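Written below as structure tokens is the structure these notes are about.
In what follows, every chain begins at residue 1, and chains take the letters A, B, ... in the order their sequences are listed. Keep in mind that what you see is a predicted model, and the values were worked out from it rather than measured.
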Number of protein chains: 2
Amino acid sequence: MDETDELLSIRAAELYYEENKTQDEIGQALRLTRWKVGRLLAQAKQRGFIRIEILHPRARRLPIERRLREERGLADAIVVSSAGVAGPEELQARTAQAAADYLTALRPVPRTLGVSWGRTLYEISQHLRNGWATGVNVVQINGGVSLNRRPGTAAATAVGIAQKGGGQATLLPSPAILERLETKQAIESDRVVAGVIELARSADAYLFSAGAADESSVHVESGYLSVSDVELLVAKGAVGDVVGRYLDSDGNIVDPALDARTVGLTLDELREAPLAIAVIAGQAKHPVADAVVRSGLCTVLVTDEATALHLLDG
Amino acid sequence: MDETDELLSIRAAELYYEENKTQDEIGQALRLTRWKVGRLLAQAKQRGFIRIEILHPRARRLPIERRLREERGLADAIVVSSAGVAGPEELQARTAQAAADYLTALRPVPRTLGVSWGRTLYEISQHLRNGWATGVNVVQINGGVSLNRRPGTAAATAVGIAQKGGGQATLLPSPAILERLETKQAIESDRVVAGVIELARSADAYLFSAGAADESSVHVESGYLSVSDVELLVAKGAVGDVVGRYLDSDGNIVDPALDARTVGLTLDELREAPLAIAVIAGQAKHPVADAVVRSGLCTVLVTDEATALHLLDG
DNA sequence: AGTCCACCTGCTCATCTGAGCAGAAGGAGC
DNA sequence: GCTCCTTCTGCTCAGATGAGCAGGTGGACT
């Protein structure tokens, strides 16, 4: 395509997309046949001169979703558009909304849904509508009750999802991380706790997010880890955590001793799940999102456009 | 349009614009008739959910051009797209290119073209192609030869435009602004200078830019004015200059005494021209662009999208 | 110069799409 | 409960568009 044709294709595109002229009219204006105009427009599209964006908080990026499914082996992918996004909070909100939509549309409806907790999960619970399902029971898959600064967030998440879904919530009454291995083993052998974990193992589907390995981690906020603990983990290669377990970029546990003191489903148990929905959004979580997808921790990913493109780049 | 329809229209738009499905296929996917899909897409467009951009340095914004013609009474307007622009230099380059394109396509071809000088005009001369016209003579319409730091820029501009257009350049051998009124009157009564100005008055068309009233002004750079001179002009209401003459936001001369010492066509002479092409780009020139258009200094405006929108806002 | 080949052009035809219309549905007011 | 009015729905039909094809054009190579 020479320079003249390139310019013509731009002129044609202006008349077609901005002035709503027909290809025939454009042909008359530019002294071309309407077939030539059609070809110029096709070339303009194909060469990427034409960008069509859907500007809406609920807009998704289907081509990127397809690439994630095909190139990253996911069973499903939901990618929300970043077009016209105001800030990181809105990105987070859009992604949580999309996750709520996905859950609502999910078929078959899971009888039991295993959930983690955290800012993202809480926001998903807020975006779910009353009656999003009928009779979905919810079970927590990792510990964390009550140490949180905003007490009850973890519980409110699970209970909220369950209530709006017309089911019961089963909480895991345990800290996320114990200080001593013996305490962790003791609490796991507690009849109630063991029962909850057993229920969690039998869930039909899991819904969880991932945390970045930095000082903003919920584990730091909740007091389970200190900033220097996290720095140590990062030094060992940690990119973030899933259900409280810190992993490196290959999805391996970074600190087996710490992991052994962490209550809840293990990463390998998650990997065996037939339906594991990860909801991860934001620049800060790009590395951990990568690790989650690469190591097969989820079968379904709900994320934002920038994160999705990051995953596809590598 | 309720929330459900809004969401459906977004889903439909995704399938239509990103997946290239037909409205009929979308109808099947979303369990709607194809007419409903068509209406949803029309509403999505109409409500502004669909943004179509033409990403190309030569892309123009025809709807904005139309508004400028209709709402600002211009005979013609050329607005280059700001989409995907890298920086102010590229905006300037795009606008200069558009001005060169406009000149090249101009019919009837002017026998004599009056030009000012400056960074913008120089860039236009660079973008013109050899043989853009056959036999267009060029005449400078304001003084400024030789005091410029990059000597010859003013002359190179006029000569370049003329040579590439197969014609002769007539330079105005005079400073832009004289220190004393008497000197200005003396130089204007010089036979050669008077002849050039007479020729300039008889030009078929004028091509000029405008300068912002700040320290970056070519008059400061050229030594005609000091920074404090410009500050004084700004204090008196100056928003910029056209052919070396400083005007306020209403297009009135700010400093009549200074104006009387300025050599070349007057603003009122420009206003009477049947074809006066102003080329103005960049954030810094928004106020002076406004003054130029409001006070009828040009019949044709070549500018960038942001500047055009600024003109239409007010 | 002749031949071949790739590309381009203008066409036919099938499909897609938007305008306009008649009837149905859903509310508001009586 | 009934009527009227607005809005919505599914349709016809004509215009717009894209796929595919035959013929033509121009350049490269022999």
Taking OP1 and OP2 of [N], is either one under 4.0 Å from a side-chain nitrogen or oxygen of [X]?
X       : N      : answer
A:Thr33 : C:dT9  : no
A:Tyr16 : D:dA16 : no
A:Gln23 : D:dG18 : yes

- Item | Pair B:Glu89 + B:Arg119: basic N to acidic O under 4.0 Å | no

- Do B:Glu70 and B:Arg67 meet the salt-bridge criterion of a basic N to acidic O distance under 4.0 Å? no

Rounded distance in Å - [atom1] ([X]) to [atom2] ([N]):
X       : N      : atom1 : atom2 : result
B:Lys45 : C:dA19 : NZ    : C1'   : 14 Å
A:Gln28 : D:dA16 : CD    : P     : 10 Å
B:Asn20 : C:dT15 : CG    : C1'   : 15 Å
B:Leu8  : D:dC8  : CG    : P     : 14 Å

- Query: With a cut-off of 6.0 Å (strictly less than), are more than 12 heavy atoms of other residues, nucleotides or ligands near CD of B:Gln283?
  - Reply: no

- Any donor-acceptor N/O pair under 3.5 Å between D:dG10 base and B:Arg39 side chain: yes

- Kindly say whether, by distance alone, the side chain of A:Trp35 makes a donor-acceptor pair under 3.5 Å with the base of C:dT12? yes

